Amino acid sequence: ASTSSFPTIRLIDFKKFLDVSKVYDQNISLTKIEQLFVITNDASNSYKNRDERSLHRYEFMEIIVRLALAKYKEPKIIPSLRDAVEKIIKDDIIKNN
């Protein structure tokens, strides 16, 4: 059911993944997730075509860290970024997939 082509993931499939993972809540909105996707997807390196609107594997890891920062660290729910990343992976992504 994916519209992405390996080894990248497009925004629509990323949002489906986050929906299944139950990442959305009062601390992180769909708008914020879309903003983080655009920021992470910024083509500032030679590995990527500027017109490409999908995340590569290394960008997928980057956006998970950005999500953890926005959802848990910035609202001061969890004090350290390391613990915030661990929480989003264990409690949101793994637990719900």
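Since the model is a prediction, treat every value here as computed from it, not as a measurement.
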Which distance, rounded to the nearest 0.5 Å, do you find between the NZ of Lys71 and the CD1 of Ile88?
-> 5.5 Å
Does the side chain of Asn41 reach to within under 4.5 Å of the side chain of Leu11, using non-hydrogen atoms?
-> no
Who passes salt bridge (charged side-chain N to carboxylate O under 4.0 Å, His left out) against Lys87, sequence neighbours left out?
-> Asp91
Return yes if some donor-acceptor pair links the side-chain N/O of Lys73 with the main-chain N/O of Pro79 below 3.5 Å, else return no.
-> yes
How long is the gap from OG1 on Thr31 to CG on Leu36, to the nearest 0.5 Å?
-> 11.0 Å
To the nearest 0.5 Å, what is the distance between OG1 (Thr40) and CD1 (Ile33)?
-> 11.5 Å
State the CG-CD1 distance between Leu18 and Ile28, to the nearest 0.5 angstrom.
-> 8.0 Å
Nearest heavy-atom approach of Ile9 to Phe37 is O-CZ, 3.9 Å
Using the ring of each side chain (for Trp, its six-membered ring), is Phe14 parallel, tilted or perpendicular to Phe60, with breaks at 30° and 60°?
-> perpendicular
Report the distance from atom NZ of Lys90 to atom NZ of Lys95, rounding to the nearest 0.5 Å.
-> 12.5 Å
Provide the closest heavy-atom pair for Glu34 versus Lys15 in the form atom of the first, atom of the second, distance.
-> OE2-NZ, 2.8 Å
Sub-4.5 Å side-chain heavy-atom contact between Val85 and Leu81 | yes
With sequence neighbours left out, the residues meeting side-chain hydrogen bond (donor to acceptor under 3.5 Å, both in side chains) with Gln35 are none
Judged by atom type as modelled, is there a donor-acceptor pair below 3.5 Å linking the side chain of Lys32 to the main-chain atoms of Ala70?
-> no
Below 4.5 Å, heavy atoms only, C-beta onward: do Asn27 and Tyr72 meet side chain to side chain?
-> no
Would you say Glu59's side chain and His56's backbone share a donor-acceptor pair under 3.5 angstrom?
-> yes
Sub-4.5 Å side-chain heavy-atom contact between Ile93 and Ile64 | yes
Distance, nearest 0.5 Å, that separates CD1 of Ile12 from CZ of Phe17 = 15.5 Å
Do Leu30 and Leu55 belong together in a cluster built from hydrophobic side chains that touch within less than 4.5 Å?
-> yes
Say whether Val23 and Ile94 are linked into one hydrophobic cluster, either directly or through other cluster members, by side-chain heavy-atom distances under 4.5 angstrom.
-> yes
